Amino acid sequence: MARPRKAADDMRTRWDALYVTPAERVEVTAAAQQAGQSVSQYLLSVHRGAPRNASPETVRVMQAVMMAEQHLASLARQIQRQERAMDALLLQAHLVAIERAFRHVAMPWSLVLDDARESGAPQC
């Protein structure tokens with residue numbers, strides 16, 4: 001069965017009205033590839049102000065920030081629920097756990113360094 005035809009308003013046609021230098025073409029093409037889009041998709045998303053696909057590294061850091069924010073909000077709720085002040089050592093333990101979780105997502109290589117320090121292995 002054939003695919004139904006698109007409405008005339010949804011049909012895309014070729015538009016050769018873009019004048020760029022070879023260097024500009026390379027820059028735009030590289031930016032589109034980095035965003036995981038075709039040049040056409042990239043230019044349209046930039047024009048519309050739509051967010052472009054972020055690099056995997058950026059996504060990982062954003063996830064880490066969101067996770068840290070959730071942990072901090074949970075810690076703040078715990079502190080508010082407690083009638084007496086939270087023990088400083090317990091608070092420090094919570095904050096270190098949040099930091100390690102953040103680094104686990106955003107900078108996984110840093111955990112190897114932490115493990116080496118904790119095991120007493122000689123440092124370079």
Side-chain angles (χ1 to χ4, degrees):
M1 175 180 222
R3 190 173 86 188
R5 295 184 70 88
K6 289 184 177 182
D9 291 346
D10 294 333
M11 294 285 286
R12 295 193 177 202
T13 58
R14 186 174 179 94
W15 179 37
D16 291 328
L18 191 60
Y19 294 93
V20 295
T21 66
E24 291 169 331
R25 183 176 182 158
V26 168
E27 287 176 21
V28 171
T29 302
Q33 286 175 343
Q34 185 177 6
Q37 298 174 323
S38 70
V39 171
S40 179
Q41 291 169 330
Y42 177 77
L43 291 174
L44 285 172
S45 70
V46 170
H47 168 71
R48 292 181 184 135
R52 295 172 291 287
N53 293 346
S55 69
E57 232 176 273
T58 302
V59 170
R60 191 170 51 243
V61 170
M62 294 296 289
Q63 288 172 336
V65 168
M66 290 171 30
M67 186 173 57
E69 181 183 20
Q70 291 170 351
H71 284 299
L72 288 170
S74 172
L75 183 57
R77 284 191 300 274
Q78 279 182 331
I79 291 170
Q80 286 175 343
R81 281 195 303 256
Q82 290 186 351
E83 293 176 10
R84 60 179 175 77
M86 181 179 271
D87 181 15
L89 192 57
L90 182 60
L91 179 60
Q92 180 187 12
H94 280 291
L95 293 173
V96 168
I98 292 169
E99 177 195 16
R100 284 185 65 87
F102 180 84
R103 286 195 291 142
H104 177 71
V105 175
M107 305 178 300
W109 65 90
S110 70
L111 294 178
V112 174
L113 299 175
D114 282 350
D115 291 341
R117 279 189 212 118
E118 289 173 6
S119 69
Q123 295 182 11
C124 300

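Because the structure is a prediction, the values reported are computed rather than measured.
- At a threshold of 4.5 Å between side-chain heavy atoms, the hydrophobic network of Ile, Leu, Val, Met, Phe, Trp and Tyr places Leu72 and Val96 in two separate groups.
- With sequence neighbours excluded, the residues forming a side-chain contact (heavy atoms from CB on, under 4.5 Å) with Ala31 are Tyr42, listed by chain and number.
- How far OG of Ser74 is from CD1 of Ile98: 8.0 Å, rounded to the nearest 0.5 Å.
- Leu95 and Ile79 end up in the same hydrophobic cluster when Ile, Leu, Val, Met, Phe, Trp and Tyr side chains are linked at under 4.5 Å.
- Residues satisfying the side-chain contact (heavy atoms from CB on, under 4.5 Å) criterion with Gln70, sequence neighbours excluded, are absent altogether.
- Criterion: ILVMFWY side-chain heavy atoms under 4.5 Å apart, direct or through other members. Under it, Val46 and Val39 are part of a common hydrophobic cluster.
- Residue pairs meeting the salt bridge (Lys or Arg N to Asp or Glu O under 4.0 Å) criterion with at least one member in residues 1-12, sequence neighbours excluded, do not occur.
- Val28 and Val26 end up in different hydrophobic clusters when Ile, Leu, Val, Met, Phe, Trp and Tyr side chains are linked at under 4.5 Å.
- The shortest distance between side-chain heavy atoms of Gln92 and Leu89 falls below 4.5 Å.
- When the side-chain contact (heavy atoms from CB on, under 4.5 Å) test is applied to His94, the partners found at least two apart in sequence or on another chain are Leu75, Gln78, Met86, Leu90.
- Remark: Thr29 engages no residue in a side-chain hydrogen bond (donor to acceptor under 3.5 Å, both in side chains) (not counting sequence neighbours).
- For residues 13-40, the pairs satisfying salt bridge (Lys or Arg N to Asp or Glu O under 4.0 Å) are Arg14-Asp16, with sequence neighbours left out.
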